[in-house]
Amino acid sequence: MKKVRVRFAPSPTGYLHVGNARTALFNWLFARQNKGVYILRVEDTDIERSEREYEDRLIKDLGWLGLDWDEGPDKGGDYGPYRQSLRVDQYNAYAQALIDQGKAYYCFCSPEELKREREKALAQGKTPVYSGRCRGLPVGESKKRVKAGEEAVVRLLTPDKGILTFHDIVRGSLSFQLGLIGDPVLIRSNGTPSYNYAVVIDDALMKISHVIRGEDHLINTVKQLLLYKALGFDPPLFAHLSMVMGKDNTRLSKRHGATSVYQFSQQGILSLALFNYLALLGWSPPDGREVLSKKELVEGFDLTKASRSAAIFDYDKLYWINRQHIKQLSEKEKAEKALIELKKAGYLPERLSHRQWHWLEKAAVPLSRGINKFSDIAEKFSIFFKFSPESMTVEARRVLETDCGRKVVIALYEKLNREKKIDFDRLSLISGDIKKETGCKGKDLFHPLRVALTAQISGLDLDTFIPLVEEGSQLDFPVPIKGCAQRAAEVSRFIHGV
Ligand code: GLU
C-alpha cells in the first residue's frame, strides 16, 4: 500500500457536526492504524459562509475529541498552506493550463440563462445538465472577453456519454453515466475555485492516498475523477461512508437533539465516550464488544468493514457508553468533571480549599453512578445543596403525613437537637431508640428518616449521605450545606409546625 496520507477537510461554516466528526474519526483511525499521516485542511473558499470563529471552534473540538493531526493550518507541514483561501494562485495556474490544453473552457452563460435551461429540463422530466453551449468558443476570443471584464466561469470539458467505473473501499465497484454529469465549474465568476476543483488540486498536491468521506460526495467523486484524468494526476483510493441519521431515518439535525461535538462536550459527555461511540457509527468490531479504548479502536478498526447502510445516531446508546466510561474514571477525574458542573450551578467556588476538594472527591464517586452525562450531576448534588422542605414532592410529603411519619420526624428532631455532630453509627443508635419509643419499624421508620434528612424519597444511601452531609455542613461553600439537625428541624417545622 502507498504511504497512507489522509485528510479531514471541513468547511468552517458551522460547528463540528457529529456526522463530520465521524468522518474525521474514521480518517484518524485509518491513519494511526497504518502509521500514516493525518492532515487537517480548512476548506474556506465559500467566503460568505466561512468564519474564523468556526475554524477556531473546530480546531478546539477536534483536539477535545483527541483527533490530533500531523499537518494542518496551525501546525504547518511540507504541503501547505493548509487553508484553501491561501492556495488560490495554485488553483488559477492549473485552471489556465487546462484552458490552454483545451481541457477546460470559459463559459459566459448568465445565471438567468442557466436557470431557464434547468427549469426546462425539469419540466420535461429530464436531469438538468449544462448544455455545453460555450464549449466551442475559440480560446483566444474567450480570453479577450474575460480581459475586457466580461463575467465568466471556467468549466471542465467532460464526455457526453460513456460510463465511469471505480472501486470504492466500502461499496465495491460503482458505475456512473457520464451523460448526467455536465461540465463542472472549476472557477466561479468571482475568481474563487469550486469545491470539486480545489479539492482535487489539494488532494493531489498533498499526496493524499485515501479519501474517506460521506456518501453524499459520491457524485462529486465522479467529477473529481474526471478532473484527475484531465490534470494527469493519479487519483487516490476512495471510501464513502454511509450517512448519519436520526432514529426516524432523516438526516441528523437539531430536531433530534444535540448534534455538534461542542454541544456534547458542554453536556459533560466524556471525549473518550464520544470517540468510542462515533467509531461504532457505521462500524462494529467482530467480537461485538462496544466499550473500547482508543488503542483498541486503532488496532481493531477495519475500514473495509464499514457499513453500507445508514448509521443511526442513538442517544441512549451514547449515554450507555458514556456511563461505562464514567465508571472507569478515577476518583480524582470524577471530581474534576463534577467540579466543572457544580461551579456552573453556583454550588462550588472558583477555588476549592483542600478540605472542600477532599469532600468533593468523596461525594463525586457515589453521585456520578448512573448519570448519563456530567451535566446531570448538579441535579444529583442538589441533595446536599438544595435541601428544601417547601419543594418536597407529593410522595415525599405523604411519607411524613402518616402516623409513623409524624412521630418519627418529631422524635428525630428532638434527638438530633441535642447532638453536636452525628455519623451513621450514631444515627443507627438513635433510630433504634425511635423505634422503641414510637413502635414504628421497617419502612415506616426508614422512609420518614430519609425524607426528614434529604427531603427526597430516593437517592444516596443514608450511610453514604450522612457523613458527607455532616462534613459538608462544616465547610464554607457559596451555598451552605445544612447538617442533619437543621434538616430535621426544618422538615418538622414545615410539616407539623413543631
Ligand atoms: N469541505 C468538504 C465538506 O466539508 C470536504 C469534503 C471532502 O472530504 O472532500 O463536505
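In each ligand, atom 1 is the first atom listed, and ligand 1 is the first ligand listed.
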Show me which atoms of ligand 1 lie under 4.0 Å from any heavy atom of [X].
X	value
Arg213	7 (C), 8 (O), 9 (O)
Glu43	1 (N), 2 (C), 5 (C)
Val199	9 (O)

Subject >> Ala9-ligand 1 polar pair, N/O distance under 3.5 Å >> reply: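 Yes, since at least one N or O of Ala9 sits under 3.5 Å from an N or O of ligand 1.
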
Original post:
Can we say Arg5 and Glu71 salt-bridge, meaning some charged N sits less than 4.0 Å from an Asp/Glu carboxylate O?
Top reply: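 A salt bridge links Arg5 with Glu71.
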
Original post:
When the ring centroid of Tyr94 is compared with that of Phe233, is the distance short of 6.0 Å?
Top reply: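 Between Phe233 and Tyr94, which both carry aromatic rings, the centre distance is below 6.0 Å.
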
Original post:
Do Phe301 and Trp283 have ring centroids that are under 6.0 Å from one another?
Top reply: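 Yes, ring centres under 6.0 Å apart.
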
Original post:
Can you name the nearest heavy-atom pair linking Thr158 to Pro184, along with the distance?
Top reply: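 Minimum heavy-atom contact is CG2-CD, 3.6 Å.
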
Subject >> Leu16 backbone acceptor or donor facing Asn20 side chain under 3.5 Å >> reply: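 No, the answer is negative, given that no donor and acceptor are paired below the 3.5 Å cut-off.
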
**OP:** Dump the intermediate steps for side-chain contact (heavy atoms from CB on, under 4.5 Å) on Val18 and Tyr277, then the final yes or no.
**Re:** CA-CA 10 Å; Val18 283; Tyr277 180 66; over 6 Å; no

Subject >> Residue, atom name and distance, where the atom is the protein heavy atom closest to atom 10 (O) of ligand 1 >> reply: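 Residue, atom and distance for the closest contact: His217 NE2, 3.1 Å.
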
Original post:
Can you tell me which residue and heavy atom of the protein come closest to atom 8 (O) of ligand 1, and the distance to 0.1 Å?
Top reply: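 The closest heavy atom on the protein side is Arg7 NH1, 2.7 Å.
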
Subject >> For ligand 1, the portion of Tyr195 having any non-hydrogen atom under 4.0 Å away >> reply: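 Just the side chain.
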
